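Everything quoted here is computed from the prediction, not taken from an experiment. Below, each value reflects all heavy atoms present in this structure, side chains not excepted, and no hydrogens, waters or symmetry copies.
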Amino acid sequence: MSIRDELILILLVFAAAPMITIGFLGFTHARGSLEEARIAGLESTADLKVEKIEAFFQHLTRDIDSARRLDSVQENLPILANVAGDPLNPAYGKAKEEPDGDLVVIQRTSGLADVLLADVDGRVVYSSNEAHPSAHVGGPLPGPDGKAFEEGKGGVYLGEIFPSQVFPNQFAMVISAPVHGHDGSFVGVIAFQLDMDPLYDFVQETTGLGETGETLIARETEGGALFLNPLRHDPGAALTRQALFGEAQAIPIQEALQGRDGSGQSIDYRGEKVLAVWRHIPSLDWGMVAKIDASEAFESVTNLRDLGLIVGGAILLASVFVAAAVSRTVVRPIRSLEEGARIVGSGNLDHRVGTTTKDEIGRLSRAFDEMTSDLKSVTASRDELDREVRNRLRAEEEREALIAELEGKNAELEQFTYTVSHDLKSPLITITGFLGLLAQDADAGDAERMRADMDRIADAAGHMKELLDELLELSRVGLIVGSPEQIPLGDVAREAVALVEGQAAERDVRVTIATGLPFVYGDRRRVREVLQNLIENAIKFTGEQPSPRVEVGARREDGVTVCYVRDNGMGINPRYHGKVFDLFDQLDQTSEGMGLGLALVKRITEVHGGRVWVESEGLGHGSTFCFTLGSNGQAPDVEGARE
Amino acid sequence: MNGEAVIILLVEDDPNHAELILRGLQDNHVANQIHHVMDGEAALDYLFRRGEYADSEKSPRPHLILLDLRLPKIDGQEVLEEIKADEELRRIPVVVLTTSEAERDLVRAYHNHANSYLVKPVEFAQFTQMMRDLGFYWLYWNRRP
C-alpha cells in the first residue's frame with residue numbers, strides 16, 4: 001500500500017468514522033426527540049377534539065332530553081299529529097305556536113338545522129325551521145332506514161351520519177328521543193337534525209398539522225372502518241371509503257375502533273408512513289385519528305441528516321484531497337530519491353537528487369548525494385587502478401610475447417648452430433678421415449685408392465662450400481625482403497619455371513601453370529624464390545614416375561589465397577609432414593641438395609606473415625606444397641584483380 | 001670367441017662416414033659381417049623384417065647396432081626408442097655413433113637406453129683408434145647373450 005493510500009485510510013478512519021458515528025447518534029436522538037414532540041402535539045390535538053365532540057354530543061343529548069320533556073311539546077304533539085294533514089287549519093297554526101317558542105330557540109342556540117316532531121306513526125308533524133329545504137312535514141324523519149324514529153322511541157338515539165338529500169357533498173345527522181304525554185303515554189318522537197359541516201370543519205381543522213397532517217373520524221361497519229368525514233387526501237371519502245380490519249393500511253383507525261388509544265409511527269389509509277395518535281370516542285363508538293406524514297414530521301431532522309451527509313461527504317472528499325496533497329509533498333522527495341537511487345544504480349554517478357527540504361527525507365537525500373559523490377571518487381580511483389592494472393597486464397603480455405619470440409628465435413638459433421656444427425662437422429670428418437686413409441694408401445702405393453680418397457675429399461669440400469653459400473643466403477632472407485606489392489602470381493610462376501627449365505628437361509618433367517591466377521601481395525623476388533624452390537623440390541622427388549608432372553596453381557580458402565605446387569611424384573609419408581621444412585633435413589639421401597630449400601621457403605613465407613605446409617595422401621600419391629603470404633597488415637590480395 | 005661371424009647393423013646416412021667406419025672396423029681383423037642401411041626407416045624395416053627385409057635370410061639378427069642420430073625419414077632417437085621398446089630387440093647393444101656433441105642428444109640417447117654414446121672424432125688418428133677399440137670391446141671382450 002502506498003503512503004498516499006495509507007494517509008487517506010488514516011484520515012478516513014480518524015476523521016470520517018467519528019463524524020459518521022456522531023452524525024448518526026445525533027440524527028437518531030433528534031429524530032427521537034422530534035417524534036416525541038410531534039406525538040405530544042398530535043395527542044393534544046386529538047384529545048381536544050375528542051373532548052369537544054364528546055361535549056358537543058353530550059350537550060345535544062342533554063338538550064334533546066330536556067326538549068322532549070317540554071310541556072309545549074308534550075301537549076301539542078298529539079294536537080299537531082291530529083291536524084298535521086291540514087297545515088292551513090287554524091288549529092295547526094295554534095298548536096304550533098307554543099312549541100315554536102321553545103324549539104326555534106333551541107334550534108338556533110344549539111346550531112341545529114331543524115328540530116322535528118313526529119307522531120306515533122313516525123310522520124313528521126312539525127319543523128322548527130320550515131325554511132330549511134329538508135323539512136318536509138308529512139314525510140318520515142330523515143336519515144337511513146327510518147332508524148331515527150324506531151330507535152328514538154326507546155330513548156335518546158344518536159343516529160348515523162348520512163348524506164344530505166338536499167345539498168350535495170353535505171352530511172347530516174339526526175338525534176332522536178321519545179316524547180311522552182303527561183300520563184306517560186307515547187305521543188311521538190322529537191328529532192334534532194344537524195348539519196355535519198360545522199363539526200367537520202372543526203374535526204378537519206388542520207392548524208398545527210402542517211402540510212400533510214389531518215384529523216379524521218370513522219365508525220365501525222361490518223368488518224371494517226367507515227370514514228365519516230372528507231379526508232384531506234381523499235375529499236370524497238366520507239361514508240364511502242372503508243378500511244377492512246386486519247389489512248396493512250389505515251392501521252391507527254383500526255386500533256381506535258377496537259377501543260384502544262395509542263400513538264406512534266404507523267401506516268395510514270394511503271399506505272404512507274405517518275406519526276399518528278388514535279383515540280376511541282366511547283359515546284359515539286367512533287374512532288378518531290390525528291396524524292401527520294412521517295416525511296413531514298421528520299423533515300427538519302431529515303434535512304439536517306441530508307445536510308450532515310453533504311457536509312460529511314465534503315469533508316471526506318476534502319480529507320482525500322488533503323491526504324493526496326500531503327502524500328504528494330511527502331512522496332515527491334521520496335520518489336525523486338528512489339529515481340536517483342535507480343539512476344545512480346545504473347551507473348550514472350553524476351546524478352544528484354538535490355532535495356533541499358529540512359525534514360528527514362531531505363537529510364536522507366543529501367546523505368545519499370554525499371554517498372554518490374564519495375562513490376564516484378572511489379570509483380574514479382578504482383577506474384584509474386583498473387587502467388593501471390590493464391596497462392601493466394598489457395605490458396606483461398607484450399613482454400611475454402617478446403620473451404616467447406626471443407625464446408623462439410633463440411631455439412631457432414640454437415637449432416641453427418647445432419645443425420651447422422653437425423653438418424659442417426660431418427664433411428670435415430670425411431675430409432680428415434680420407435686424408436688419413438690417403439696417407440695410408442700412399443704408403444701402400446695404391447694409386448687407385450688414393451684417387452678415390454681424393455675424390456671423396458674434394459666432394460666433401462665442395463659440399464662444405466655449398467653449405468656455406470646456402471647458410472649465407474638463408475641468413476640474408478630476414479634482412480633482404482623488398483617492399484611488398486601486388487604481383488601477378490602467373491607472371492612470377494612463369495619466371496620461376498624458366499629458372500628450373502634445365503632441371504625439368506633433364507628429368508623429363510612437365511611443368512604447367514594454371515590459368516586465371518590471382519594477384520598476391522609480397523616481395524616479387526622472394527615469392528619467385530619460393531616458387532622456384534618448391535618446383536625444384538618437386539622435380540627432385542618425381543621418383544620413378546613414368547610421366548612426371550608438376551603444376552603451379554592457387555585456390556581460395558577461408559578468404560585467403562593459397563598458392564600451391566603439386567607433383568605426381570613419390571609423395572610423403574604423413575609422419576614426415578612436419579619434418580620436411582626443418583633445416584638441412586633430407587628425406588632421401590639419394591636425392592641432391594641439402595634440404596635448405598624448404599627451410600628457405602618456410603623462412604620467406606613466415607617473413608611475409610604467411611605459412612607453408614605439405615599435403616600428401618602418402619607414398620606414391622604425389623605431394624602438394626601449399627603456402628600463403630598473409631597480408632601482414634598490408635593490403636590484402638584483390639579478388640577481382642586476376643590476370 | 002667362437003668362430004661364428006659377428007653381425008653388425010650400421011645405420012649411417014653419410015656414405016663417406018659409412019666408408020670410414022667400415023674400413024676402421026675391418027682393420028681389427030675381427031670376423032664380422034656389416035649390414036649398412038642409410039636411414040631410420042630402413043633400419044627399423046631391417047630389424048622388424050619388413051618390406052625388402054621381410055626375408056630373414058636378408059636380415060639376420062645383428063649382435064651390435066651402430067646408430068647415427070641425424071637420419072632422414074626417421075630420426076636416430078626414434079629408432080632407438082623403438083628398438084628398446086621391443087622385448088626381443090632391446091637385448092641387442094646399441095652404440096650411438098654421431099657427430100653431435102650436443103648435451104640434449106646425449107641425455108636423450110641414454111634416456112632411451114642407449115648402451116654407449118660415441119662422438120665421431122675429427123682427428124683421423126682418434127677416429128681409427130676409436131674404431132679399433134670399439135671393435136675390440138664389443139666384438140671381443142664383451143660377452144653376448
Whatever's closer than 4.5 Å to a heavy atom in chain B on A:D453 counts as side chain
Worksheet item: Between the side chain of A:T432 and the main-chain N/O of B:E123, is any donor-acceptor distance below 3.5 Å?
Response: no
Would you indicate whether the side-chain heavy atoms of A:R456 and B:L20 approach each other to under 4.5 Å? no
Heavy-atom nearest pair, B:K120 first then A:K425, reads O-CE, 4.1 Å
Within residues 103-117 of chain B, the residues sitting under 4.5 Å from chain A by heavy atom, in sequence order, are B:R104, B:D105
A:E405 meets the salt bridge (charged side-chain N to carboxylate O under 4.0 Å, His left out) criterion, sequence neighbours left out, with none
For A:R451, the salt bridge (charged side-chain N to carboxylate O under 4.0 Å, His left out) test, sequence neighbours excluded, returns none
Those residues of residues 435-446 of chain A that come under 4.5 Å of chain B on a heavy-atom basis, listed by number, are A:G436, A:L437, A:Q440, A:D441
Within a radius of less than 6.0 Å around CD of A:E557, do more than 12 heavy atoms belonging to other residues, nucleotides or ligands occur?
yes
message: Check this for me: A:R510, atom CZ, are more than 12 non-hydrogen atoms of other residues, nucleotides or ligands nearer than 6.0 Å?
response: no
**Asked** Between the side chain of B:H17 and the main-chain N/O of A:I429, is any donor-acceptor distance below 3.5 Å?
**Response** no
